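Note that the structure is predicted; figures quoted are calculated from it, not measured. Sequence positions, counted from 1, serve as the residue numbers for this chain.
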Amino acid sequence: MSSTPPESVPPPAATGSPDPLALERAHLAASRAALRGMRDDVESLDIKDVTANWVNAAALQHQIELRIKALADLAHTPLFFGRLDFLRAPGTADDPDADPGAGAGAGEVFYVGRRHVHDAAGDPMVIDWRARVSQAFYRASKKDPMDIGLRRRFGYTGGDLTAYEDERLSDPAEESRTSALLQREIERPRVGPMRDIVATIQPEQDEIVRGGLSGTVCVQGGPGTGKTAVGLHRVAYLLYAHRERLARTGTLVIGPNRSFLQYIEQVLPALGELRVRQATVADLVAHVEVRATDGPAAALVKGDARMAEVLSRALRSYVSAPAGPVVVVRGSRRWRVPADELTAMVDELRARGLRYGAAREALPQRIAHAVLVRMEQSGEAPDDRVQDAVARDRAVKALVKEVWPPVDPAKLVLRLLSDAEFLAEHAEGLLSGEEQRAVLWERPARGVRSARWSAADAVLVDEARDLVERTQSLGHVVLDEAQDLSPMQYRAVGRRCSTGSATVLGDLAQGTTPWATPRWSEALRHLGKEDAVVEELTAGFRVPREVIAYASRLLPSIAPGLAAVESVREAPGSLVVREVPQEELTGAVLAACARALEHAGSTGLIAADARIPALAAALDAAGTPYLAPGEETGPGTRLTLVPASLAKGLEYDFVVLDEPAAVVGGEPDERTGLRRLYVALTRAVSGLTVLHARPLPDTLG
């Protein structure tokens, strides 16, 4: 392997030989010019005479604006990060179908980047990282070179190309070794939102990213394994490979909270994908205003999958047998459908398992059909217009309202949570008396608007809405930090991809809710994706080996049997654990933050939620500026004060962890507390300082 120092320009080439770095810089300049040309072409489009009306014109103009935005040349984002030199034309190998370089010719060179760029003649200057020909950049190796003679990686400082590094995969004499540029990119300081990892995707990650659209994949990954990035890049790949289909059906990324979504929100736009919706589970089920918080006992019962059957029973109870016949008057004639025939219609619709609203809409058509049969038997010749008119007849509508009344989902849940007798009737054999008392409201609400709904109640309302009317399904959903969802929340997410696929991301060891899933098979069953493939990422690329090894001491207590992450990064001195007197703890924490801020990159001060006000006051008194999670960093503000409950999914170059015992004690039970501590210990990319006055948990001793 030949390499130039990552931070410097290589020595001048011999006289008469072209300077490789100069040639690569020239190609970068030409590629940027070509990208500007592509953008100019779109901006110059005249659509005045190509649309039939103003609606089409507005839609087309919107598409053009999105295309212009997608073609933006980001100054500090490298246009390409790699190069592939092919040895021979694909198709000459024994298995041409397996060759990712389809379309390449012998000796052809391809530059791999974040988006496709072509010159004025249409010839490619940069190949999209998602294209089939780019796959070899991530998967080619000495054992399987995939017809690649040379793989070149590029190093950038700011937006300037400053170095390159070569791997000659076809040269048996050249030894394999870790790429210095790859390592530098992985370790680059993290200031601001999460970045894409498109230049550093590893082979095992690439296999997940390029998986097909039809199947659901569940990724179990410990801290620093890149599971979130893998999920986001998978969305970008699927949009590239199945753009037309997903444009119709839609995509969605679900995160645990708004801070997390703000942290990841720039990844997909940096890859040119601007129309992927991002939301929390709370956003999906926001049918009622959440103004209350459940206690652990109530939240556990409301989040249990048994509540789905309780709701279903309660809803079905609104359907009753007809009390008598229905008589339809048409002109001078009266048509009578007897009660027993009406009852058979109701029973048949109930047996079919249709949603409540769909069955209610079908009932008047069934009655109208029965009337039309009688008309035909008497010699009349009614058509579809007559059937529709009969279905809208006043007598038919009155009967339907009586036997299959409209039900408001929120009012149904309100009645269940307010009426002890109604709940007992439909929870019999499902919920114990103690569980029923746990979910009942102390003060029955007068109406939907006055009710003090909790987050778990909102999920129940969403379930009830789906029982009444089918929830729209999307083409693909990414669910991150999935280990923390309740069974009812899994069902809410599953409804959004019932006819599509999903990418489920999480770490069982980081489950910090009372209802955290104990195993992925159970979670996938509630999600409706029992046939999902479970992949495990165990190679860590972000968290230093010393830090992850320390945090992994907790695994036997919080996730027995789960494999520890094996970090590929050694960083001697990256872990400091120090005990200080109680009265000196806050001062020591502020001093540790000041030392961390002497280095480039971001610093996170993580503490138990109850300690945040005191630490905020101390930082204010010291004149140290800080941010809340999700706020945009500025040149003079690189410190974020992070409540332990919001730390999941976030990363900082340096982390100062305040009083681990307080983090553990802030949770309802020790196991959940230790899991919360595991999360806090694994947020550091370059260095972790743990300061404590109280004894550490025994497992960390």
Side-chain angles (χ1 to χ4, degrees), residues 24-25 27-39 41-42 66-84 100 109-119 123-139 151-165 179 181-182 184-186 188 190 192-203 205-206 208-210 226 228-243 246 251 253 264-276 478 541:
E24 301 295 12
R25 286 172 170 166
H27 186 78
L28 176 62
S31 299
R32 290 195 183 280
L35 182 60
R36 285 194 298 273
M38 293 170 62
R39 186 181 173 105
D41 288 344
V42 178
L66 287 177
R67 178 62 176 162
I68 291 171
K69 190 174 181 179
L71 290 171
D73 187 2
L74 306 178
H76 296 288
T77 301
L79 197 55
F80 57 78
F81 47 81
R83 175 179 136 181
L84 294 173
V109 174
F110 291 93
Y111 288 82
V112 181
R114 285 170 172 76
R115 65 195 61 186
H116 175 86
V117 179
H118 61 256
D119 61 17
D123 294 325
M125 303 284 289
V126 180
I127 299 295
D128 194 300
W129 67 275
R130 297 167 288 187
R132 193 169 177 230
V133 73
S134 301
Q135 183 175 315
F137 182 77
Y138 301 105
R139 298 197 191 179
R151 174 167 55 198
R152 175 170 288 178
R153 300 181 190 274
F154 297 105
Y156 289 81
T157 302
D160 299 325
L161 199 164
T162 55
Y164 69 90
E165 187 178 65
S179 164
L181 289 179
L182 181 65
R184 187 185 73 167
E185 176 62 22
I186 290 174
R188 185 155 57 98
R190 309 181 66 80
M194 180 180 178
R195 301 188 301 263
D196 66 73
I197 62 164
V198 66
T200 62
I201 294 173
Q202 300 300 297
Q205 296 173 329
D206 189 64
I208 298 172
V209 167
R210 295 178 190 266
T228 295
V230 166
L232 294 175
H233 287 68
R234 176 162 163 74
V235 172
Y237 171 78
L238 292 175
L239 285 167
Y240 175 87
H242 307 278
R243 187 168 302 281
L246 289 178
T251 52
V253 174
I264 68 169
E265 66 182 356
Q266 296 303 317
V267 174
L268 289 169
L271 299 174
E273 301 301 341
L274 307 174
R275 289 180 286 185
V276 179
V478 174
F541 304 99

Exercise. Taking side chain to side chain donor-acceptor pair (under 3.5 Å) as the test, write out the residues that go with Arg152, two or more places apart.
Key: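 Once residues adjacent in sequence are excluded, the partners of Arg152 under the side chain to side chain donor-acceptor pair (under 3.5 Å) criterion are Glu24, Asp166.
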Quiz item: Taking only residues two or more places apart in sequence or in another chain, which ones pass side chain to side chain donor-acceptor pair (under 3.5 Å) with Thr228?
Solution: Asp480
Using the side-chain contact (heavy atoms from CB on, under 4.5 Å) criterion, which residues pair with [X]? Sequence neighbours excluded.
| X | value |
| --- | --- |
| Asp119 | Ala121, Asp123, Met125 |
| Ala72 | Arg39, Leu74 |
| Ala199 | Phe81 |
| Arg67 | Met38, Val42, Leu71 |

Quiz prompt | Cation-pi geometry met for Arg153 and Phe137 (6.0 Å, 45°) | solution = yes
Self-check item: Heavy-atom pair of closest approach, residues Ser31 and Val117
Solution: O-CG1, 3.5 Å
Quiz item: So, Arg114 and Glu273, do they make that salt bridge, N to O below 4.0 Å?
Solution: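 The answer is no: the pair does not qualify as a salt bridge.
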Please name all residues satisfying salt bridge (charged side-chain N to carboxylate O under 4.0 Å, His left out) with [X], sequence neighbours left out, ordered by chain then number.
| X | result |
| --- | --- |
| Arg151 | Glu167 |
| Arg139 | Asp206 |
| Arg36 | none |

Quiz item: Under the ring pair (Phe, Tyr, Trp, His ring centres under 6.0 Å) test, which residues partner His27, sequence neighbours left out?
Solution: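 So His27 forms a ring pair (Phe, Tyr, Trp, His ring centres under 6.0 Å) with Phe80, Tyr111.
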Quiz item: So do His233 and Val198 actually touch side chain to side chain, heavy atoms under 4.5 Å?
Solution: yes
